[in-house]
Amino acid sequence: MRNIKLFYILSTMMTLASCEKIVLNDGISTVEDENGTALLTISTRGVNDNETESVTEAKIYVFNESDKCVELLTPDGDNMTATAHLRAGTYTLYAIGGPDLSRFTLPSISNATASSLITLVENKVMDDLLMKTAIQTLDDGDIQDLELTLERKVISLDKIELKSIPTDVTGVEVTLSSFYSAIKLNGTYDANSSTDYTVNLTEQEDGTTWSVQPQKLMFPSIGVPTITIVLTTPSGTDSYSYTADEIISANHHITISGTHHAAQGATLTVSINAEAWGDNKTVDFTYNESNTVYRPIAGTFCNGYYVVSVNEAQRQAVLLAKEKLIEYEAPATGAAASEWRAALTAPMTALNKPINITNNWRLPTLEEVGIFSKDTQIVTFSSEGRSKLYFCEDGGVLKRAQTHHTDNSDELNWSTTGFTSTTRLRPVIDIEY
């Protein structure tokens with residue numbers, strides 16, 4: 001068998017601003033293997049500038065025709081060369097490169113397969129990662145040169161900015177989902193491994209712009225990404241979510257820039273500018289109120305609705321109607337409970353539902369009245385410390401209830417009789433979030 005020489009070029013191993021190619025190095029080191037007589041050499045050198053400082057480590061997994069890893073080559077840190085002796089045959093090469101491969105979980109030669117998962121080490125920050133797969137057949141006596149061009153497998157999230165945010169907003173949170181969290185040794189992403197990215201924006205000097213520059217490297221999105229914005233105000237939160245038109249693919253710089261149009265209600269225009277290392281692309285889309293989502297917290301306002309309760313395990317919540325008093329046609333004093341119940345049904349049916357909610361309004365339970373009728377965000381107590389009376393339902397029985405507030409406690413009082421037109425109709429609605 002003749003000596004076989006394999007060259008590879010780490011052409012996309014660069015900092016986030018360049019596409020300079022790496023050229024070949026003349027240095028060669030040798031690793032002996034008594035099982036093979038074909039010589040396999042991988043050799044590179046970098047150009048003399050700062051564009052290759054991020055490429056200081058590489059590994060090459062060599063698999064034989066039986067899909068067994070027979071060599072794990074680690075090019076020298078100075079001249080990036082490695083050599084192995086192999087028998088004639090067809091080999092699959094999986095090359096990995098970057099500035100710091102210790103940030104990733106890499107398989108050993110004994111357990112490596114094409115599907116071995118490469119993930120970020122816990123508590124480590126993602127760094128540049130480049131990979132390439134190649135198949136090479138070595139015939140007896142061949143001398144061949146092979147050049148590999150590694151491909152970047154990450155994106156760079158450079159900036160997130162939201163403009164014209166209302167001045168009463170005290171916090172802005174953005175969540176991007178979902179993104180791959182693992183890649184296989186063969187360079188394909190693992191569809192079963194995902195992660196979201198959540199970041200808090202910082203208010204800028206103008207008081208209406210919130211932004212952050214994470215400069216964060218990530219694996220690309222799983223399909224088209226979803227971007228969720230949560231605006232926090234003194235009374236609660238307003239949340240918006242939309243799905244982009246395009247995937248966020250590897251080897252791009254990503255900037256997300258949105259403008260909130262207060263005059264148009266819940267309308268948010270957002271653009272994503274994606275600058276590739278080799279190409280530029282822009283993804284534009286518009287957000288409107290139909291994309292409203294809910295992030296309820298009990299005792300606060302969520303998208304303008306008071307949150308009576310939250311079941312985090314079931315991801316369910318109960319929202320109180322915005323209107324303080326829903327008008328209804330009251331039956332005559334002393335009418336049966338069934339007549340009062342019938343009088344309350346039509347106005348609840350006609351009441352507008354929260355955006356994207358399909359459940360129906362219902363009377364609150366006695367317990368729910370006990371929650372909101374003592375909250376001064378909702379009620380104003382009389383001079384005797386009593387809230388208004390509210391219709392409620394308790395085990396199928398129509399009741400009216402109110403909170404009696406004292407310096408020492410809040411007592412919920414109720415009755416099944418004495419319904420009058422002064423009893424308030426304040427329905428609730430169940431949502432899933």
Give the C-alpha distance, both sets of side-chain angles, the deciding distance and a yes or no for ring-ring contact (aromatic ring centres under 6.0 Å, His included) between Y94 and F63.
CA-CA 8 Å; Y94 300 116; F63 284 73; 5.2 Å; yes
If you draw a 6.0 Å radius around CD in E367, do more than 12 non-hydrogen atoms from other residues or ligands fall strictly inside?
no
Neighbour count >12 (heavy atoms, 6.0 Å) for atom CD, Q377:
yes
Can you give me the closest heavy-atom contact between [X] and [Y], atom names plus distance?
| X | Y | result |
| --- | --- | --- |
| S116 | N111 | OG-O, 3.6 Å |
| Y197 | L157 | CE2-CD2, 3.5 Å |
| S108 | Y61 | O-CE2, 4.4 Å |
| A337 | L398 | O-CD2, 3.7 Å |
| P220 | A250 | CB-N, 3.8 Å |
| F179 | S177 | CE1-N, 3.8 Å |

Does the side chain to side chain donor-acceptor pair (under 3.5 Å) test come out yes or no for H404 and N413, once each step is laid out?
CA-CA 7 Å; H404 182 205; N413 300 319; 4.7 Å; no
Donor-acceptor contact below 3.5 Å, side chain [X] vs main chain [Y]:
| X | Y | result |
| --- | --- | --- |
| R400 | C392 | no |
| T380 | T376 | no |
| N186 | T133 | no |
| N311 | R315 | no |
| S221 | I248 | yes |
| T423 | F419 | no |

Take the angle between the ring planes of F391 and W340 and call it parallel below 30°, perpendicular above 60°, tilted in between.
tilted
Do the side-chain N and O atoms of [X] and [Y] include a donor-acceptor pair separated by under 3.5 angstrom?
| X | Y | value |
| --- | --- | --- |
| S211 | Q204 | yes |
| T74 | K59 | yes |
| S181 | T195 | no |
| T105 | T119 | yes |
| N359 | K353 | no |
| S178 | D196 | yes |
| T406 | N408 | no |
| E384 | S382 | yes |
| H405 | D410 | yes |
| T175 | T228 | no |

In chain order, what residues pass the ring pair (Phe, Tyr, Trp, His ring centres under 6.0 Å) check against Y294, with sequence neighbours excluded?
none
Atom [atom1] in [X], atom [atom2] in [Y]: separation rounded to 0.5 Å?
| X | Y | atom1 | atom2 | result |
| --- | --- | --- | --- | --- |
| L176 | T226 | CG | OG1 | 9.5 Å |
| H253 | T255 | NE2 | OG1 | 9.0 Å |
| D375 | T300 | CG | OG1 | 10.0 Å |
| Y240 | L162 | OH | CG | 11.5 Å |
| K388 | R424 | NZ | CZ | 5.0 Å |
| D430 | Q316 | CG | CD | 7.5 Å |

Show every salt bridge (charged side-chain N to carboxylate O under 4.0 Å, His left out) that has at least one partner inside residues 199-220, sequence neighbours left out.
none
Between E122 and K124, is the closest basic N to carboxylate O distance under 4.0 Å?
no
Is it true that R362 and E368 have a side-chain N and a carboxylate O under 4.0 angstrom from each other?
yes
For T403 and S387, what are the C-alpha separation, side-chain angles and deciding distance, and is it a side chain to side chain donor-acceptor pair (under 3.5 Å)?
CA-CA 5 Å; T403 291; S387 73; 4.6 Å; no
Check for me whether K153 meets the cation-pi criterion with F219, that is, NZ or CZ under 6.0 Å from the six-membered ring centre and within 45 degrees of the ring axis.
no
